2 protein chains.
Amino acid sequence: MIKKKENNTEKQILEAAKNIFQQKGMDGARMQEIADTAGINKSMLHYYYRSKQKLFDAVFKSAINLMAPKIIKIVETDEHLFDKIRSFTNKYISFMNKHSFIPTFIIQELNRNPDMIKEVFISKFDDSISEKLKKQIEELVEKGGIKPIKPEHLLINIVSMSIFPFMAKPLLSAVLQKNEKQYKQLINERKMHVAEFVIDAIKIK
Amino acid sequence: MIKKKENNTEKQILEAAKNIFQQKGMDGARMQEIADTAGINKSMLHYYYRSKQKLFDAVFKSAINLMAPKIIKIVETDEHLFDKIRSFTNKYISFMNKHSFIPTFIIQELNRNPDMIKEVFISKFDDSISEKLKKQIEELVEKGGIKPIKPEHLLINIVSMSIFPFMAKPLLSAVLQKNEKQYKQLINERKMHVAEFVIDAIKIK
DNA sequence: ATTTTTGTCAACCAAACGGTTAAACTATAT
DNA sequence: ATATAGTTTAACCGTTTGGTTGACAAAAAT
């Protein structure tokens, strides 16, 4: 029982499944289209992954595993809060530029089936993810470095301003009358803009 | 050819279609489930609306017509910028509290088929929606009332922080470990919080 | 060399899907 | 009363869907 051939079929399938599922979601994706994209027979999908649901689970898990570590790492470092904010917006927006379908995909599928989050969180975030951030913010508030703010709101604000522009791209680029290039540039500006905007909002001068 | 009976069937259908389409999207919605929800025979769906697509269009248009006027009105008033921001966050978050599926629905379907936005915008926003807001911001910047900021970014920031918490509710309530009630309260706090956060970020003290 | 395991494919299948039909029913107009 | 137009339903239809089967080929193991 040693490996045979180049076992790239399984990877080709997963790659194709990512493309289709992330763009069209569980409901909109078709097994035939995934097979066509992978350039293989539809039966192969069921040979390597037993069902559409199982194949979807693999894609979803892969998307989560790509995003979650980036959040945790940044939140858990010992940097100053302001630098944490700068790191987060910069790296997060860069990441989403490369994987532009992932945030919409995750949030859309989580809305379709909110129970999926449990499987994710049990393994990934054992303790409260924001406990450390919480304390850091509260200390800074007491020291007089920043205005009082609920850690929850600060976190929601940063994440919202980072992710939403990707999800609402069709809407926002139409409202703001930007073409593809202009909108991409606008988003790149936000790597720094969002961080400075947030810091300006909480800093005591 | 005068009206017969209570012609409530058509409205029952639209109401049921709103529920199903807004929660499950075009791809996930089933005509049979809409019929069951409305408590009528499936043929009635095709009798009043000719196809799934036409029925969907009616639901989508209704969602747009519910949201768009609220944006336009607030942007077009002659209030001071700060009051505009306060009005917007307050009224928008209140609105979404009552119609919690609409923002996700619109953005999800717009991602599925970005061309739909054209039909919407041609009729609704003849001129650039943000032209007025743009000038107002630029004047305030020159007068020294607020820090320099691209109107596009300010608009994206406000809209992001208002809408995203509704779209990402399953994710955020899990990360922040909030139950239904706690999360709802957190969102209610944001009616004021987002406005003051934005004002703090741009105001020169 | 041949048996066994693993991989691939075309053809097939039952269920679910959006949509149609034709007949029955209801209410108004004549 | 009867014709007429609008409304509702059960049964049906062709297509698409996720999934299966069985034959066949390619490696590995013996």
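All chains are named by letter (A, B, ...) in the order of the sequence lines, taking the proteins before the strands, and each is independently numbered beginning at 1. Just so you know, these numbers use all the heavy atoms, side chains as well, and skip hydrogens, waters and symmetry mates. Predicted model, so just to flag it, every value in this text is computed and none were measured.
- Here the CD1-CD1 distance, from B:Ile107 to B:Ile102, works out to 12.0 Å after rounding to the nearest 0.5 Å.
- Rounded to whole Å, the distance from CG on A:Asp36 to P on C:dA10 is 11 Å.
- Protein atom CG of A:Leu45 is 14 Å distant from nucleotide atom P of C:dA10, rounded to whole Å.
- In this structure, A:Glu10 atom CD and C:dT8 atom P are separated by 10 Å, rounded to whole Å.
- Between B:Phe197 and B:His193, the ring planes are tilted. Angles from 30° to 60° get that label.
- Within the 4.0 Å cut-off from OP1 or OP2 of D:dG19, not a single side-chain nitrogen or oxygen of A:Ser43 is found.
- Within the 3.5 Å criterion, the main-chain N or O of A:Met167 finds a donor-acceptor partner in the side chain of B:Asn111.
- Rounded to an integer number of Å, the gap from B:Phe56 CZ to C:dG19 P is 13 Å.
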Can you give me the N/O atom pairs linking the protein to nucleotides 15-18 of chain D at distances under 3.5 Å, or say none if there are none?
{"from": "D:dT17", "atom 1": "OP1", "to": "A:Arg30", "atom 2": "NE", "distance (Å)": "3.1"}
{"from": "D:dG18", "atom 1": "OP1", "to": "A:Ala29", "atom 2": "O", "distance (Å)": "3.3"}
{"from": "D:dG18", "atom 1": "OP1", "to": "A:Arg30", "atom 2": "NH1", "distance (Å)": "3.3"}
{"from": "D:dG18", "atom 1": "OP1", "to": "A:Lys52", "atom 2": "NZ", "distance (Å)": "3.0"}
{"from": "D:dG18", "atom 1": "OP2", "to": "A:Met31", "atom 2": "N", "distance (Å)": "3.2"}

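- For B:Asn41, the listed nucleotide lying nearest its side chain is D:dT9; candidates were C:dT8, D:dT9, D:dT8.
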Verify salt bridge (charged side-chain N to carboxylate O under 4.0 Å, His left out) between B:Asp57 and B:Lys54, making sure each step is shown before the conclusion. CA-CA 5 Å; B:Asp57 289 346; B:Lys54 292 256 167 62; over 6 Å; no

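- For B:Tyr47, no side-chain nitrogen or oxygen approaches OP1 or OP2 of D:dG6 to under 4.0 Å.
- The nearest whole Å value for the distance from the CD1 atom in B:Ile34 to the P atom in C:dG18 is 8 Å.
- For B:Tyr92 and B:Phe88, the gap between ring centers is short of 6.0 Å.
- In this structure, the CG atom of A:Asn8 is 12 Å from the P atom of D:dA27, given to the nearest Å.
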Side chain to side chain contact (heavy atoms under 4.5 Å, CB included) for A:Leu110 and B:Lys169? Distances and angles first, verdict last. CA-CA 9 Å; A:Leu110 236 36; B:Lys169 180 184 160 191; over 6 Å; no

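- Between the side chains of B:Asn113 and B:Glu109, not a single donor N or O lies within less than 3.5 Å of an accepting N or O.
- Nucleic acid contact for A:Tyr49: none, since no nucleic acid atom lies under 4.0 Å from a heavy atom of the residue.
- Note: OH (B:Tyr48) to C1' (D:dG6) measures 8 Å, nearest angstrom.
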